[in-house]
Amino acid sequence: MSSSEDDEVAGAGGYEEWSDDGEDAKAVSLFSSEILPDSSAAIAYDASHHGFDLAKFRLQRRLDEYGIIRVVNYIRSEVAAGRDPRDALGGEAQPWADDRFFQPVLPDDALLMHDFDESDDGAATVSDHQPMDVAEAPATAFSELAKLREQNQ
């Protein structure tokens with residue numbers, strides 16, 4: 001690409017104006033109209049004020065990016081309809097698994113762009129896990145290792 005082509009791209013809303021920092025975007029609580037400074041603050045707010053921690057839910061349910069998108073949109077659609085989705089989130093069923101929840105409920109929803117991998121920083125701490133009998137540890141470790149290998153294939 002020539003220098004003049006670079007200048008055209010950069011000046012016309014191109015790569016120089018583009019930012020990959022989703023943390024600058026204001027975020028709305030999943031359960032109320034509270035506006036927070038960023039997606040991390042919204043997740044913390046929902047955990048402390050509404051008893052739902054999206055980051056922990058993601059780890060417990062082993063959700064990938066698509067699962068998180070569906071969960072966020074499911075919660076937002078239920079709240080918009082005047083229903084409390086927290087009971088359904090605690091059950092075995094996955095009402096958010098429907099593909100219609102790929103459609104954003106809020107335009108430019110910061111929670112849909114949140115980078116959980118970057119913000120986790122080892123969020124699954126020892127306190128998040130159930131105590132285990134020492135005799136069960138090797139079998140559990142091999143089982144977890146097998147699951148990880150399956151996921152990475």
Side-chain angles (χ1 to χ4, degrees), residues 13-15 17-153:
Y15 58 86
E17 293 178 21
W18 179 75
S19 171
D20 190 26
D21 190 3
E23 288 299 310
D24 289 342
K26 300 277 187 218
V28 180
S29 165
L30 286 170
F31 301 95
S32 70
S33 58
E34 188 73 25
I35 298 174
L36 291 304
D38 57 42
S39 57
S40 294
I43 292 168
Y45 176 86
D46 286 338
S48 65
H49 288 81
H50 300 287
F52 180 78
D53 187 328
L54 184 60
K56 281 188 179 180
F57 185 80
R58 172 188 164 263
L59 291 172
Q60 291 167 344
R61 293 293 185 124
R62 298 179 184 200
L63 297 174
D64 60 7
E65 296 84 14
Y66 300 113
I68 286 294
I69 289 169
R70 287 174 167 163
V71 167
V72 167
N73 289 322
Y74 167 74
I75 293 171
R76 293 210 187 278
S77 67
E78 289 295 293
V79 169
R83 295 183 291 264
D84 186 348
R86 288 175 283 195
D87 286 338
L89 292 168
E92 290 299 316
Q94 296 182 357
W96 61 84
D98 192 305
D99 283 349
R100 68 188 166 112
F101 295 117
F102 279 129
Q103 180 68 36
V105 174
L106 291 181
D108 301 319
D109 190 340
L111 287 176
L112 296 179
M113 297 173 258
H114 183 78
D115 186 355
F116 285 93
D117 293 329
E118 187 174 294
S119 67
D120 279 349
D121 295 330
T125 62
V126 173
S127 64
D128 292 336
H129 300 287
Q130 297 296 323
M132 169 186 324
D133 185 295
V134 175
E136 295 176 12
T140 303
F142 283 117
S143 173
E144 290 297 316
L145 182 59
K147 287 178 191 175
L148 290 171
R149 284 184 178 154
E150 284 180 20
Q151 289 176 355
N152 290 324
Q153 289 182 357

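Predicted, not measured: the structure shown is a model, and the values here were computed from it.
- When all heavy atoms of Ala27 and Ala42 are compared, the closest pair comes out as CB-CB, 3.7 Å.
- Counting only residues at least two apart or in different chains, side chain to side chain donor-acceptor pair (under 3.5 Å) contacts with residues 101-113 comprise Arg76-Asp109.
- In this structure, NE2 in His50 is found 7.5 Å from CD in Glu34, a value given to the nearest 0.5 Å.
- Contact of the Leu112 side chain with the Leu106 side chain is not registered, since no non-hydrogen atoms from C-beta on lie closer than 4.5 Å.
- Contact detail for Pro85 and Ile75: the closest heavy-atom pair is CG-CG2, 3.9 Å.
- Remark: Asp99 engages Arg70 in a salt bridge, criterion side-chain N to carboxylate O under 4.0 Å.
- For the atom pair CG of Leu89 and CH2 of Trp96, the computed distance is 6.0 Å after rounding to the nearest 0.5 Å.
- A ring pair (Phe, Tyr, Trp, His ring centres under 6.0 Å) with Phe57 is found for exactly one of Tyr74, Phe116, Phe52, namely Phe52.
- Using a 4.5 Å heavy-atom cutoff, the side chains of Leu30 and Val79 are not in contact.
- Atom-to-atom distance recorded for His114:NE2 and Leu54:CG is 7.5 Å, nearest 0.5 angstrom.
- Under a cut-off of 6.0 angstrom, the local environment of OH in Tyr66 is sparse, with at most 12 non-hydrogen atoms contributed by other residues, nucleotides or ligands.
- Contact detail for Phe101 and Ser77: the closest heavy-atom pair is CE2-OG, 3.3 Å.
- Counting all heavy atoms, side chain and backbone alike, Ala41 lies closest to Pro37 at CB-CD, 3.8 Å.
- Atom CD in Gln60 sits 8.0 Å away from atom CG in Asp53 (nearest 0.5 Å).
- The two residues Ala93 and Arg61 have their closest heavy-atom pair at O-NH1, 4.1 Å.
- His49 contributes atom NE2, which lies 8.5 Å from atom OG of Ser32 (distance to the nearest 0.5 angstrom).
- Distance check, rounded to the nearest 0.5 Å: CG of Asp46 to CG of Leu111 gives 7.0 Å.
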